[in-house]
Amino acid sequence: MSQKFQVTGMSCGHCVSAVQNAVQTVDPEAQVTVDLETGHVDVLSEQPRKDIVAAIENAGYAVQ
């Protein structure tokens with residue numbers, strides 16, 4: 001299932017990797033696409049939205 005998130009606090013390639021890695025701790029098979037300029041994060045995963053949000057927030061980023 002495709003899920004879309006608005007993530008704030010990302011400013012560089014390291015931030016993109018951190019968000020991707022955070023999502024993949026919840027679902028190692030997740031496909032994660034991050035648009036650094038807009039803050040949009042698209043995740044293809046069957047995991048619950050709340051678990052993905054928690055992982056991103058635990059990595060230090062805010063999810064709108």
Which pair of heavy atoms, one from [X] and one from [Y], lies closest together, and at what distance?
X: Gly9; Y: Tyr61; answer: O-CE2, 3.5 Å
X: Met1; Y: Glu46; answer: N-OE2, 2.6 Å
X: Thr25; Y: Ala55; answer: OG1-CB, 4.3 Å

May I ask you to test the [X]-[Y] pair for a side-chain heavy-atom distance under 4.5 Å?
X: Met10; Y: Val19; answer: yes
X: Ser2; Y: Val43; answer: no
X: Gln64; Y: Thr8; answer: yes

Any donor-acceptor pair under 3.5 Å linking the side chain of [X] with the backbone of [Y]?
X: Asp51; Y: Gln47; result: no
X: Arg49; Y: Lys4; result: yes
X: Gln24; Y: Ala30; result: yes

Identify the residue among Val41, Val34, Thr38 that makes a side chain to side chain contact (heavy atoms under 4.5 Å, CB included) with Val7. Val41
Going from [atom1] on [X] to [atom2] on [Y], what distance comes out if it is rounded to the nearest 0.5 angstrom?
X: Gln3; Y: Asp42; atom1: CD; atom2: CG; result: 10.5 Å
X: Gln31; Y: Thr33; atom1: CD; atom2: OG1; result: 7.5 Å
X: Phe5; Y: Ile56; atom1: CZ; atom2: CD1; result: 5.5 Å

Ignoring hydrogens and angles, state whether a donor on the side chain of Ser45 or Asp27 is under 3.5 Å from an acceptor on the partner side chain. yes
Count the heavy atoms belonging to other residues, nucleotides or ligands that lie under 6.0 Å from CD of Glu57, then report whether that count exceeds 12. yes
